[in-house]
Amino acid sequence: MKTTCTVAAAAAAAAAAATVVEGGAVHTTPLAETTDVVIIGNGPSALTLSYLLNGNWPYYRDDSHHPDEIIHARLNCEKDKSILETDFVDLCSGISGQSRNAVANLFDQLLHPSSVFGDVTDGLQSCVKWQAVPHKIPHLVLGPHPPGGAWQAMHGSKKALSFNNWLELPGLPVADWAARHGCCRTRLTENNASRLPLVAWKAYYRDYPVQMGLQDSLRTGYQVLSVRNLTLPANDQETGEPGGTTMAVPSEEGALEVSTTTHPWEIKGVRFAADGESEVFVIRAKKVVLATGTAESPKKLSIAGEYKPWTGHTYDDLHNFVTDNVDEETADHLGGSKRCWCRVVIVGSGLTAADAVITALTAGCHVYHAFDPKHTILSQLSERLYPEYAAIWKLMSGERPANSAFCGYYTPFANGRIIKITNDHQVQVENSKGVNICLSAVDYVSVVISLMKQTTGGRVIFSPSRFQGGRPHRVLAQPHLRAVGDCSAPADQSGPAVGRQTQPDRHRSVHPRERLPDGTVCARSARRR
């Protein structure tokens, strides 16, 4: 089986697992296991890879005729072979798309043939069928939270930016799943471009391993602390010759002897049980796949007073502030609706900033919004597909959107710039004409400009002293080490990867921009399945 985008490469490090964890007892005898493949992370990319390793392979449909005649000709003559067994170098030649991974672009076009014409509503049927094969590979999927990865940390009632058909996983059509959970099947089947709320996707990803029979490979509550290759020197994971020694891994039954020649990778961490108990685990594997997503670093304004107890740099910070400052006393007078009568300054021009504005206005806040109208995708999004963002763009343009559910006040500062934040809750803003305006009695300042994102794709990995955090360093190509999803994207040598999702809680991107008949564009997710 040839290497695919779902098993593409990079990352690892060395360190010993912690033996003491705050807030709970830790068993000192490690829980030991061995397997062929360990997938670190349990987001959509990890779940898809688990589905493949569990013996489900993609094939070109017998009744398919892909609109790209070259792709169709290459696959049509080998329909008895899985797409995974084809020559990807030849098959991906000349294919372009939103990913830097040519194989990912290939599967995008096979799963959604209409995207060849810039149509993301999937007017054409998928060219891929999934078939069970006897080639199952033993593997474990490790994650500290329920299946879904960062999706499980999302807040709010907002909808996913991407369309349903772009976020569903193989083998479980979202329309079928939603119908079983009480969603309107008619609306989903008649308009595949429907966007389910985030809470639905959290449930979908939690339910996916159960529906697909992947529970035996899933390990929830596993916090990975270190990964190292035992055939390399402990003080330098980038150099050294394979040793081929045998190392004993302690377990409750005794010593488990595992050869480093066959199982060179050691994964250590702490398993947290539902009752609060914890225990150290040690897993030996032949191969390791990193599916942990990316590391974000919020951009700074670099102004005086930027870091106060009442300032934040993520959407979650604002969401938590609004939730914590709801006026319970007025709820009864508003038919049960809860309001947050606060004055909020929001800085940013992107989709996450728009989400922050929506949340604040819906809660009844007075929003002062500083933004750059020349650097926003909001003006180009389809009003039919993204009515909530179209409403925000109208506000930014000085209009009042019709039938708006917003109950707060909105004051735009186009081309405005925050100069200073003082201790007495005053914010100095310079407007587009260069006039300084002092906003007094400000309750919260939310800076949600685009985040800087680093990937782990072949260039950087985590610190050798700690798996999470630490100073990233260059890693040489190592055998049996792979990366999938966002963390497999190559990063620019001069800085973090660009053009990716700007906020970890949304997992989305707005490139490429698919042109719609009305001249607007729709944004689709950059997250790989």
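Note that these values count all heavy atoms, side chains included, but never hydrogens, waters or copies made by symmetry. Small disclaimer: the values here were computed from a predicted structure and weren't measured. Sequential numbering from 1 along the given sequence is applied to the chain's residues.
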Does the [X] side chain pair with the main chain of [Y], one donor and one acceptor, at a distance under 3.5 Å?
X      : Y      : answer
Thr35  : Pro138 : yes
Thr362 : Thr359 : no
Asn164 : Leu196 : yes
Tyr222 : His145 : no
Ser82  : Pro58  : yes
Tyr208 : Thr48  : no
Asn325 : Phe321 : yes
Arg195 : Ala160 : yes

* List the steps, then state whether side chain to side chain donor-acceptor pair (under 3.5 Å) holds for Arg271 with Gln223. => CA-CA 6 Å; Arg271 172 184 174 272; Gln223 181 66 62; over 6 Å; no
* Take Ile267 and Val224, measure what side-chain contact (heavy atoms from CB on, under 4.5 Å) needs, and give me the verdict at the end. => CA-CA 7 Å; Ile267 302 93; Val224 176; 3.9 Å; yes
* Asked: According to the interplanar angle, ranging from 0 to 90°, do the rings of Tyr389 and Tyr386 count as parallel (below 30°), tilted (30 to 60°) or perpendicular (above 60°)?
  ->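 Rings of Tyr389 and Tyr386: tilted, 30 to 60°.
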* Aromatic rings Phe88 and Phe107: how do their planes relate, parallel, tilted or perpendicular, breaks at 30° and 60°? ->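 Tilted: the ring planes of Phe88 and Phe107 meet at 30° to 60°.
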Are the side chains of [X] and [Y] in touch, meaning some heavy atoms are under 4.5 Å apart?
X      : Y      : value
Asn56  : Val133 : no
Pro44  : Leu169 : yes
Leu167 : Trp201 : yes
Tyr204 : Glu168 : yes
Asp316 : Leu318 : no
Leu106 : Asp108 : no
Glu266 : Ile283 : no
Ile83  : Tyr59  : no

* Report yes or no: do Asp355 and Thr352 form a side-chain donor-acceptor pair below 3.5 Å? =>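 The answer is no; no qualifying pair exists.
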* **Pair His139, Ser50: side-chain N/O donor-acceptor within cut-off below 3.5 Å** =>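 Present: a donor and an acceptor within the cut-off.
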* Asked: Should the pair Arg219-Glu33 be classified as a salt bridge under the 4.0 Å nitrogen-to-oxygen rule?
  ->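 So Arg219 pairs with Glu33 through a salt bridge.
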Measure from the ring center of [X] to the ring center of [Y] and say whether it is less than 6.0 Å.
X      : Y      : answer
Trp130 : Tyr51  : yes
Tyr60  : His66  : no
Trp166 : Phe163 : no

* **His375, NE2 atom: more than 12 neighbouring heavy atoms under 6.0 Å** =>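 Check fails, neighbour count at 12 or below.
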* Asked: Does atom NZ of Lys136 have more than 12 heavy-atom neighbours from other groups under 6.0 Å away?
  ->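 Not buried by this count: 12 neighbours or fewer within 6.0 Å.
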* To do: Please assess Val289 against Leu49 for the test side-chain contact (heavy atoms from CB on, under 4.5 Å), listing each intermediate value before the final yes or no.
  => CA-CA 9 Å; Val289 177; Leu49 178 55; 3.7 Å; yes
* To do: Take Glu85 and Trp57 through the side-chain contact (heavy atoms from CB on, under 4.5 Å) test and state the conclusion after the steps.
  => CA-CA 10 Å; Glu85 300 174 295; Trp57 286 13; 3.8 Å; yes
* Derivation and outcome, side-chain contact (heavy atoms from CB on, under 4.5 Å), residues Ile39 and Leu53 -> CA-CA 11 Å; Ile39 305 171; Leu53 295 179; 4.1 Å; yes
